[in-house]
There are 2 protein chains.
Amino acid sequence: MNIGLLLYIPYRDLENRIMAAVTGAGFDVTLAQARVLQRIGPDGTRLTELAEAAQVTKQTAGFLVDQLEKLGYVERVPDPTDGRARLVRVTEKAKGATPVAEAEIARIEAEWEQHIGKRRMAQLREALEKLGEITDPYR
Amino acid sequence: MNIGLLLYIPYRDLENRIMAAVTGAGFDVTLAQARVLQRIGPDGTRLTELAEAAQVTKQTAGFLVDQLEKLGYVERVPDPTDGRARLVRVTEKAKGATPVAEAEIARIEAEWEQHIGKRRMAQLREALEKLGEITDPYR
DNA sequence: TGTTTTAGTCAGCCTCTCTGATTAAAGTAG
DNA sequence: CTACTTTAATCAGAGAGGCTGACTAAAACA
């Protein structure tokens with residue numbers, strides 16, 4: 001079986017479950033919105049940085065931030081260090097989502113470890129981390 | 001680091017490279033089209049089956065098959081065993097794409113093995129296959 | 001025979017993503 | 001200090017890919 005599909009199957013499962021947990025907890029965000037939301041730093045992040053981190057164009061990031069803003073999950077404030085820029089900041093409303101996602105990830109990882117064993121889980125992580133060295137374009 | 005991202009990074013790298021190889025060889029298909037094309041069996045496959053395998057609705061699969069048909073990569077023929085159904089079949093024109101994709105996969109796997117070592121590569125495969133048992137909705 | 005299921009299509013809509021052009025502020029070279 | 005270039009963000013327009021709902025025709029079943 002193709003290694004690509006082997007990687008994709010658990011990834012999709014994980015992503016679906018995290019999204020289900022987050023939306024189930026009342027945070028009504030889409031996957032694309034969540035990908036942006038996730039990258040906003042504690043003191044706010046510029047749109048351009050978000051776009052780079054999420055690997056989309058500035059226009060796409062702007063579009064998603066517009067939606068998140070309308071939903072009340074983020075706000076845009078002027079960047080005091082640069083008159084052109086604005087900082088996208090997570091609102092209080094959105095801050096509850098992170099622990100929900102993290103709890104679900106922990107739950108899934110525990111299930112996986114339960115099924116494939118502690119040893120194999122550690123090997124999986126190790127192999128993937130090493131693979132990231134040559135496949136991650138952002139390092 | 002999040003296990004989801006760890007899975008996703010090499011997956012995306014693989015997918016991007018396969019698509020680059022296939023389109024570079026002159027097969028002008030999009031990712032979504034390729035996902036459908038890939039699932040067509042040697043004797044043709046019904047639209048409904050393709051939709052299930054690719055995890056999209058029948059309408060979406062039909063839309064993609066329409067495009068592939070216009071491009072000359074597939075043809076629709078009546079299913080002799082069911083008057084309602086039609087079989088989607090890969091044309092000669094598209095058959096050259098498979099070896100291109102397979103060669104690229106082989107090349108990538110060799111590179112990965114080179115970097116992380118034969119042992120870790122085998123462990124990775126083993127862990128992923130076992131993980132598929134609980135994360136693959138189609139088994 | 002009449003009802004229900006199944007294969008596929010038609011119509012319409014939404015989300016996400018892109019390219020290209022524009023505005024305003026910052027940085028830089030003369 | 002002024003003119004040019006770069007950078008942050010937005011506006012405008014388009015296209016791909018996905019969905020739901022309604023429908024037709026053939027098959028399966030009671």
Side-chain angles (χ1 to χ4, degrees), chain A residues 8 12 15-16 19-20 22-23 27-41 43-71 73-89 137, chain B residues 8 12 15-16 19-20 22-23 27-41 43-71 73-89 137:
Chain A
Y8 185 57
R12 187 183 46 202
E15 191 171 67
N16 287 343
M19 283 309 294
V22 169
T23 58
F27 297 95
D28 212 4
V29 290
T30 66
L31 186 53
Q33 288 163 4
R35 282 179 183 146
V36 168
L37 198 53
Q38 199 182 354
R39 319 254 180 187
I40 301 173
D43 303 319
T45 304
R46 289 189 193 177
L47 189 67
T48 303
E49 283 176 69
L50 287 178
E52 272 168 25
Q55 290 192 248
V56 292
T57 58
K58 286 187 296 180
Q59 291 91 326
T60 299
F63 172 76
L64 295 167
V65 168
D66 283 347
Q67 296 178 325
L68 288 167
E69 199 172 21
K70 273 186 200 117
L71 292 165
Y73 293 125
V74 306
E75 56 186 358
R76 283 190 243 225
V77 297
D79 183 337
T81 71
D82 189 333
R84 296 165 300 178
R86 293 202 278 166
L87 293 174
V88 179
R89 277 206 312 227
Chain B
Y8 184 58
R12 187 183 48 201
E15 191 171 68
N16 287 344
M19 284 308 296
V22 169
T23 58
F27 297 94
D28 212 3
V29 290
T30 65
L31 186 52
Q33 289 163 3
R35 280 180 184 146
V36 168
L37 198 53
Q38 197 183 358
R39 317 259 180 184
I40 302 173
D43 303 319
T45 303
R46 288 187 194 180
L47 189 67
T48 303
E49 284 176 69
L50 288 179
E52 273 170 23
Q55 290 192 248
V56 292
T57 59
K58 287 188 295 181
Q59 292 90 326
T60 299
F63 172 76
L64 295 168
V65 168
D66 284 348
Q67 296 178 325
L68 287 167
E69 200 172 21
K70 274 188 199 113
L71 292 165
Y73 293 125
V74 306
E75 56 187 358
R76 283 191 243 226
V77 297
D79 184 338
T81 71
D82 189 332
R84 295 167 301 181
R86 294 200 279 167
L87 293 173
V88 179
R89 277 206 312 227

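Each chain gets a letter, A, B and so on, in the order its sequence line appears, and its residues count up from 1.
Rounded to an integer number of Å, the gap from CD of A:Glu69 to C1' of D:dA9 is 13 Å. Rounded to whole angstrom, the span from the CZ atom of B:Arg46 across to the C1' atom of C:dT6 amounts to 9 Å. In this structure, A:Glu52 atom CD and D:dA8 atom P are separated by 8 Å, rounded to whole Å. Distance CG (A:Asp66) to P (C:dC16): 12 Å, rounded to an integer number of Å. Nucleotide D:dT10 holds its C1' atom 9 Å from the NZ atom of A:Lys58, rounded to whole Å. What separates CG of B:Leu50 from P of D:dG18 is a distance of 13 Å, to the nearest Å. As a whole-Å value, the separation of A:Asp82 CG from D:dA9 P is 8 Å. Spacing between atom CD of B:Gln67 and atom P of D:dA16 amounts to 7 Å, rounded to whole angstrom units.
Residue A:Ala32 places its side chain closer to C:dT17 than to any other of C:dT17, D:dG18, C:dT9. For B:Thr30, taking side-chain heavy atoms from C-beta onward, the closest of the listed nucleotides D:dA8, C:dT19, D:dG17 is D:dG17. Here the side chain of A:Thr57 is nearest to one of C:dT9, C:dC18, D:dA8, namely C:dC18. Between D:dG17, C:dT17, D:dT20, one nucleotide has an atom nearer to the side chain of B:Phe63 than all others, and that is D:dG17. Taking the side chain of B:Gln59 as heavy atoms from C-beta on, and the options D:dA22, D:dA9, D:dA27, the nearest nucleotide is D:dA22. When the nucleotides D:dG18, C:dT17, C:dA26 are ranked by their closest atom to the side chain of B:Leu64, D:dG18 comes out on top. Of the candidate nucleotides C:dT9, D:dG18, D:dA9, D:dA9 has the atom nearest to the side chain of A:Thr48.
Screening A:Arg89, A:Arg46, A:Arg84, A:Arg86 for a salt bridge (charged side-chain N to carboxylate O under 4.0 Å, His left out) involving A:Asp79 leaves a single residue, A:Arg46.
Look at A:Arg76 and you won't find any side-chain N or O under 4.0 angstrom from OP1 or OP2 of D:dA8. Distances shorter than 4.0 Å separate none of the side-chain N or O atoms of B:Arg35 from OP1 or OP2 on D:dG17. Using a 4.0 Å cut-off, some side-chain N or O of A:Thr60 falls inside it from OP1 or OP2 of C:dC18.
B:Tyr73 places a side-chain N or O within 3.5 Å of a backbone atom of B:Asp28 that can act as its donor or acceptor partner. The closest donor-acceptor contact from the side chain of B:Thr60 to the backbone of B:Val56 lies at 3.5 Å or more, if one exists at all. No side-chain donor-acceptor contact under 3.5 Å links A:Glu52 to the backbone of A:Glu49.
If you find the closest nucleotide of DNA chain D to A:Arg84 and to B:Arg84, the one lying nearer the 5' end belongs to A:Arg84. Residues A:Val56 and A:Gly83 both approach DNA chain C. Their nearest nucleotides, taken by heavy-atom distance, put A:Val56 toward the 5′ side. Two residues, B:Gly62 and A:Thr81, neighbour DNA chain C, and the one matched to the more 5' nucleotide by heavy-atom proximity is B:Gly62.
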(request) Show the numbers, then the answer: is there a side chain to side chain donor-acceptor pair (under 3.5 Å) between B:Arg35 and B:Gln55? (result) CA-CA 10 Å; B:Arg35 280 180 184 146; B:Gln55 290 192 248; over 6 Å; no
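Pairing each heavy atom of A:Arg76 with each of A:Val65, the nearest pair is CZ-CG1, 3.6 Å.
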